[in-house]
Student: 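Would you mind keeping the following structure in view while I ask a few things?
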Amino acid sequence: MAVFKLDNVEDLYEIREILGSGHFGQVREVCERATGILWAGKFLKLRRGAGSRLGLERTSVEKEVAILQGLQHQNIMALKDVFESKAEVVLIVELIRGGELFDFIAEKESLTETDAIDFLKQILEGVNYMHSKHIGHFDLKPENIMLSDKQVPNPDIKIIDFGMAHCFLQGEEYKSMGGTPQYIAPEIINYEPLSTAADMWSIGVITYIFLSGLSPFQGDTNEETLKNILELKYEFEPHYFSQTSSLAKDFIQKLLVKEQSERMTAEECLIHPWIKPL
Ligand SMILES: Cc1ccc2c(c1)c1c3c(c(C)cc1n2CCCN)C(=O)NC3=O
């Protein structure tokens, strides 16, 4: 069992405003007392007793921490420290000030192909790095892709939230039912053995959204969305894609492929002619 620091996190960090919250707990800005440096604190409520449905199992927190400890990349949120008390674990991570890519796109409705390529190159670099370490994220979506600083012309992106991530051991079979309906691959819906290819499907969905502002499989209900995914029911609606290059559509089509082994890998994406012109 991993042992995290038992110090009281407030002895070392001043806890400040809430930046976001979710199923896991809260993310707050924190100020390191010794240096004045600002970080983000991810406050994870631990499950109290086997019967409880609230909070996270300690083992799942240990898994997320172990995965983050193995990832050092400029496009992946960095983990600095971990504290625990009876009721919660606190991850001290780098503060990413530019907010979600989701909001950045919403403000613009959609991106130019040049902007989309700039963001995708960084996302693919980060995903290629984690896949090279046999780690799948399994919850890639614009809400989990943040901007270092949205005021600069070409902001850096940071992939966050490894709460669904998994590190594949040699020959191990892994299944999961988690994720967000719009972005999950068919094999997740069918509860089939997963691979890092599930992330590549999500990148195909994200790219479609970048270029149109639309979500390719979104239905009126989650059930309808899942049905659209299993039927591979999507199209490049002319009203939104009439100005989109054939190379961009080819990139998306080579990711929204039902068979995991036939989907482009992150490495193949990085040399696709839309991303890396000759
Ligand atoms: C300025 C700001 C605003 C909201 C933030 C964050 C930072 C943030 C951060 C992180 C996470 C996991 C969630 C975060 N959220 C919650 C929303 C993420 N989808 C993180 O790891 N570093 C952050 O700065």
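Both counts, for ligands and for their atoms, begin at 1 and track the order of listing.
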Student: Got a list of side-chain donor-acceptor pairs under 3.5 Å for residues 267-278, not counting sequence neighbours?
Tutor:
residue	atom	partner	partner atom	Å
E268	OE1	T265	N	2.8
E268	OE1	T265	OG1	3.4
H272	ND1	W274	N	2.9
H272	NE2	D250	OD2	2.7
W274	NE1	E113	OE1	2.9

Student: Taking only residues two or more places apart in sequence, or in another chain, which ones meet H73 in a side chain to side chain donor-acceptor pair (under 3.5 Å)?
Tutor: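 Testing H73 for side chain to side chain donor-acceptor pair (under 3.5 Å), a comparison that skips the adjacent residues, returns none.
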Student: Below 6.0 angstrom between ring centroids: does that apply to F241 and Y208?
Tutor: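 Ring centres of Y208 and F241 closer than 6.0 Å.
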Student: Would the number of heavy atoms belonging to other residues, nucleotides or ligands and lying under 6.0 Å from NZ of K227 be above 12?
Tutor: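 No, NZ of K227 has 12 or fewer neighbouring heavy atoms, counting only those of other groups under 6.0 Å.
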Student: Closer than 3.5 angstrom, by distance alone: can the side chain of R28 be matched with the main-chain N or O of R16 as a donor-acceptor pair?
Tutor: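 Checking the backbone N and O of R16 against the side chain of R28, a donor-acceptor pair under 3.5 Å is found.
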Student: Tell me which pairs pass ring pair (Phe, Tyr, Trp, His ring centres under 6.0 Å) where either residue lies in residues 85-116, with sequence neighbours left out.
Tutor: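 Matches after skipping sequence neighbours: F104-F119.
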Student: Considering only heavy atoms, which protein residues lie less than 4.0 Å from any atom of ligand 1?
Tutor: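 Lining ligand 1 at under 4.0 Å, by heavy atoms, one finds L19, G20, V27, A40, M77, V93, E94, L95, I96, E100, E143, M146, I160.
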